[in-house]
Number of protein chains: 2
Amino acid sequence: MKRAKSYGRHEDIVLRAHIELSRSLTKIRSKETAWLGDRDLTLPQFGILESLYHLGKLSVGQITKLTLSTPGNITVVVKNLESKGLIKSIPSDEDRRIKILEITEEGSDTMKSIFHEHVANLTGMYDAALNEEEIQILSRLLRKLEKAQ
Amino acid sequence: MKRAKSYGRHEDIVLRAHIELSRSLTKIRSKETAWLGDRDLTLPQFGILESLYHLGKLSVGQITKLTLSTPGNITVVVKNLESKGLIKSIPSDEDRRIKILEITEEGSDTMKSIFHEHVANLTGMYDAALNEEEIQILSRLLRKLEKAQ
DNA sequence: ATATAATAGTACTAACTAGTAATAATGTCA
DNA sequence: TGACATTATTACTAGTTAGTACTATTATAT
């Protein structure tokens, strides 16, 4: 985005980096979203499904932390996943506040059939732009950025 | 996120990078969102307001491209900004399909009073994690990634 | 020890906002 | 003038957030 005004030399560099961060993820996500849409899933739904697929049973609170989301948000997305029969929930015996979520056989089959291709899509997007060393550098810088927040 | 399963050496590296990309932006955005929320703005609203503040009059279609959004989406966010009196719209004389958007004096005053601090916040977040050279490298890698999509 | 109050943890509801797909309106050009 | 392209809106679905309710834990008083 062409900017009419400068907000300082260093600030302009940061703004530029931030715009690139935002735009690159937006573009990748929009491809992912379209691809998942053809398979009747949204990105937030896929995120929760993936957590349960790879990590087993989890509570709403654990999912909230993993996805950097909020509890109310998870409740809604979980409701939509449950109505599709992809996950199920069991109230915890030890603590009646807690609701344990688990992927169903159908959900697991879905993930089995799409996850590999999803990874291939993503890999293709990154490989189209960067070599492996660059991807590693990017990863390391982003990790530092994330951990500082 | 600990992953139980590997999807290939190179694939795991890409997935890791993608998770870092997603998480770093999520964390930064959640701070921005909270800060803007105190000023009665959402992030999408701020994005449109910023475009009009820095670039002058723009059509819905131009904003759509700048923000990598979709027309229907812009219409909704524009409606919310108009009802707050921060922007106004004028139908184009040359082409009656086109709606020209412009920031109001009130909108401009709002941006004048918050944009500098917004830049300072963002700069602070990046500087807490990375030095200027690292930010430049990050920016360059992300730009390549974005342009390849 | 037991009862009660205060605090923390966990998830849900409702109102709002955004995002998407289908549609309408206008313009362009053969 | 009819077919196609462009531009924006409408209507529907989903996600997000703030506020609320419920359960558990800890502290305090009797």
Side-chain angles (χ1 to χ4, degrees), chain A residues 22 25-27 29-49 57-84 86-102, chain B residues 22 25-27 29-49 57-84 86-102:
Chain A
S22 177
L25 188 58
T26 299
K27 283 194 174 180
R29 279 202 177 147
S30 104
K31 288 190 189 178
E32 283 186 285
T33 299
W35 188 83
L36 287 172
D38 292 340
R39 281 137 193 94
D40 225 11
L41 285 171
T42 67
L43 206 48
Q45 287 169 12
F46 181 76
I48 291 180
L49 211 51
K57 295 178 189 176
L58 296 168
S59 71
V60 172
Q62 288 173 309
I63 301 244
T64 299
K65 278 171 201 152
L66 280 168
T67 57
L68 305 182
S69 186
T70 54
N73 197 352
I74 301 298
T75 301
V76 175
V77 182
V78 159
K79 190 194 64 188
N80 290 330
L81 281 169
E82 273 192 292
S83 74
K84 289 182 189 170
L86 299 174
I87 67 173
K88 63 189 169 196
S89 61
I90 316 121
S92 163
D93 286 340
E94 293 112 40
D95 186 335
R96 275 184 302 165
R97 295 169 302 180
I98 293 178
K99 185 174 168 180
I100 307 283
L101 304 173
E102 188 179 6
Chain B
S22 177
L25 189 59
T26 300
K27 282 193 174 181
R29 279 204 178 147
S30 104
K31 287 190 191 179
E32 281 186 286
T33 299
W35 188 83
L36 286 171
D38 292 341
R39 282 139 192 94
D40 225 9
L41 284 172
T42 66
L43 206 49
Q45 287 169 10
F46 181 75
I48 291 180
L49 211 51
K57 296 178 188 175
L58 296 168
S59 70
V60 171
Q62 289 174 308
I63 301 243
T64 299
K65 278 170 203 155
L66 282 167
T67 57
L68 304 182
S69 185
T70 52
N73 197 353
I74 301 297
T75 300
V76 175
V77 183
V78 158
K79 190 195 65 189
N80 290 330
L81 282 169
E82 273 192 293
S83 75
K84 287 183 189 172
L86 299 175
I87 66 172
K88 63 189 169 198
S89 61
I90 318 120
S92 164
D93 285 340
E94 294 113 39
D95 187 335
R96 276 183 302 164
R97 292 170 305 180
I98 293 177
K99 186 173 167 181
I100 307 282
L101 303 173
E102 189 179 6

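Any value given below was found using the heavy atoms of this structure, including those in side chains, with hydrogens, waters and symmetry copies removed. Every chain is numbered from 1 and lettered A, B, ... according to where its sequence line falls, protein lines coming before strand lines.
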Quiz item: So what is the end-to-end bend of the helix from C:dA1-D:dT30 to C:dA30-D:dT1, with 5 pairs used at each end and the value given to 10 degrees?
Solution: 0°
Quiz prompt | Rounded interatomic separation in angstrom, taking CD from B:Gln45 and C1' from D:dT17 | solution = 14 Å
Quiz item: What residues form a side chain to side chain contact (heavy atoms under 4.5 Å, CB included) with B:Lys79, not counting sequence neighbours?
Solution: none
Practice problem: May I have the distance from A:Ile90 (atom CD1) to C:dT10 (atom C1'), rounded to whole angstrom? | Solution: 17 Å
Quiz item: If you measure from CD1 on A:Ile74 to CG on A:Leu66, what distance do you get to the nearest 0.5 Å?
Solution: 9.0 Å
Quiz item: A:Asn80 side chain N/O closer than 4.0 Å to the phosphate oxygens (OP1, OP2) of D:dT13?
Solution: no
Self-check item: Between P of C:dG19 and CG of B:Leu68, the distance in whole Å
Solution: 12 Å
Quiz item: Does OP1 or OP2 of C:dT10 have a side-chain N or O of A:Gln62 closer than 4.0 Å?
Solution: no
Exercise. Select from B:Thr70 and A:Val77 the residue whose nearest nucleotide in DNA chain D is closer to the 5' end of that strand.
Key: B:Thr70
Quiz item: Among all residues two or more places apart in sequence or in another chain, which pass the side chain to side chain contact (heavy atoms under 4.5 Å, CB included) test with A:Gln62?
Solution: A:Leu58, A:Ser59
Self-check item: Under the salt bridge (Lys or Arg N to Asp or Glu O under 4.0 Å) test, residues paired with A:Lys27 that sit two or more places apart
Solution: B:Glu146
Self-check item: Pairwise distance CD1(B:Ile98) to CD1(B:Ile90) - rounded to 0.5 angstrom
Solution: 12.5 Å
Practice problem: Quick one: label A:Ser59 by what it contacts on the DNA or RNA (base, sugar-phosphate, nothing), any heavy atom closer than 4.0 Å. | Solution: sugar-phosphate
Quiz item: Can you tell me how far C1' of C:dT10 sits from CG of A:Leu66, to the nearest Å?
Solution: 16 Å
Under 3.5 Å, which protein N or O atoms sit close to an N or O of nucleotides 12-15 of chain C? Give each pair with its distance.
unit_1 : atom_1 : unit_2  : atom_2 : d
C:dC12 : OP1    : A:Lys99 : NZ     : 2.9
C:dC12 : OP2    : A:Thr75 : OG1    : 2.7

Quiz item: Roughly how many Å is it from NZ in A:Lys79 to P in D:dT13, rounded to a whole number?
Solution: 12 Å
Between the protein and nucleotides 4-9 of chain C, which nitrogen or oxygen pairs come in under 3.5 angstrom?
unit_1 : atom_1 : unit_2  : atom_2 : d
C:dG9  : N3     : A:Arg97 : NH1    : 3.3

Quiz prompt | By side chain to side chain contact (heavy atoms under 4.5 Å, CB included) - contacts of B:Ser89 (at least two apart) | solution = B:Glu82, B:Lys99, B:Leu101
Quiz item: Base, sugar-phosphate, or nothing: which does A:Ser69 touch, judged by heavy atoms less than 4.0 Å apart?
Solution: nothing
Quiz item: Listed by chain and number, what are the side chain to side chain donor-acceptor pair (under 3.5 Å) partners of A:Glu102, not counting sequence neighbours?
Solution: none
Quiz item: With A:Arg96, which residues qualify under salt bridge (Lys or Arg N to Asp or Glu O under 4.0 Å), at least two apart?
Solution: none
Side-chain atoms of residues 36-47 of chain A: list all donor-acceptor pairs with protein atoms under 3.5 Å, sequence neighbours left out, distances to 0.1 Å.
unit_1  : atom_1 : unit_2  : atom_2 : d
A:Arg39 : NH1    : A:Trp35 : O      : 2.9
A:Thr42 : OG1    : A:Gln45 : N      : 3.2
A:Gln45 : OE1    : A:Thr42 : N      : 3.3
A:Gln45 : OE1    : A:Lys84 : NZ     : 2.7

Quiz prompt | Distance-minimising heavy-atom pair for B:Ser92 and B:Ile100 | solution = CB-CG1, 4.1 Å
Practice problem: Take the protein atom CG of B:Asp95 and the nucleotide atom P of C:dT28, then report the distance between them rounded to whole Å. | Solution: 6 Å
Exercise. Only counting residues at least two apart or in another chain, list the ones meeting side chain to side chain donor-acceptor pair (under 3.5 Å) with A:Arg29.
Key: B:Ser22
Exercise. Strictly below 4.0 Å, heavy-atom distances to any atom of DNA chain D: list the hits from residues 32-43 of chain A, or just say none.
Key: A:Thr42
Exercise. May I ask you to check whether over 12 heavy atoms, not counting those of A:Lys31, lie within 6.0 Å of atom NZ?
Key: yes
Practice problem: Using atom CG of B:Leu58 as one end and atom C1' of D:dT7 as the other, report the distance to the nearest whole Å. | Solution: 15 Å
Quiz item: How far apart are the closest heavy atoms of B:Thr67 and B:Ile63, and which atoms are they?
Solution: OG1-O, 2.8 Å
Exercise. Round to the nearest Å and state the distance from A:Arg29 atom CZ to D:dG15 atom P.
Key: 13 Å
Practice problem: Please state whether the phosphate of C:dA25, meaning OP1 or OP2, lies under 4.0 angstrom from any side-chain nitrogen or oxygen of B:Arg96. | Solution: no
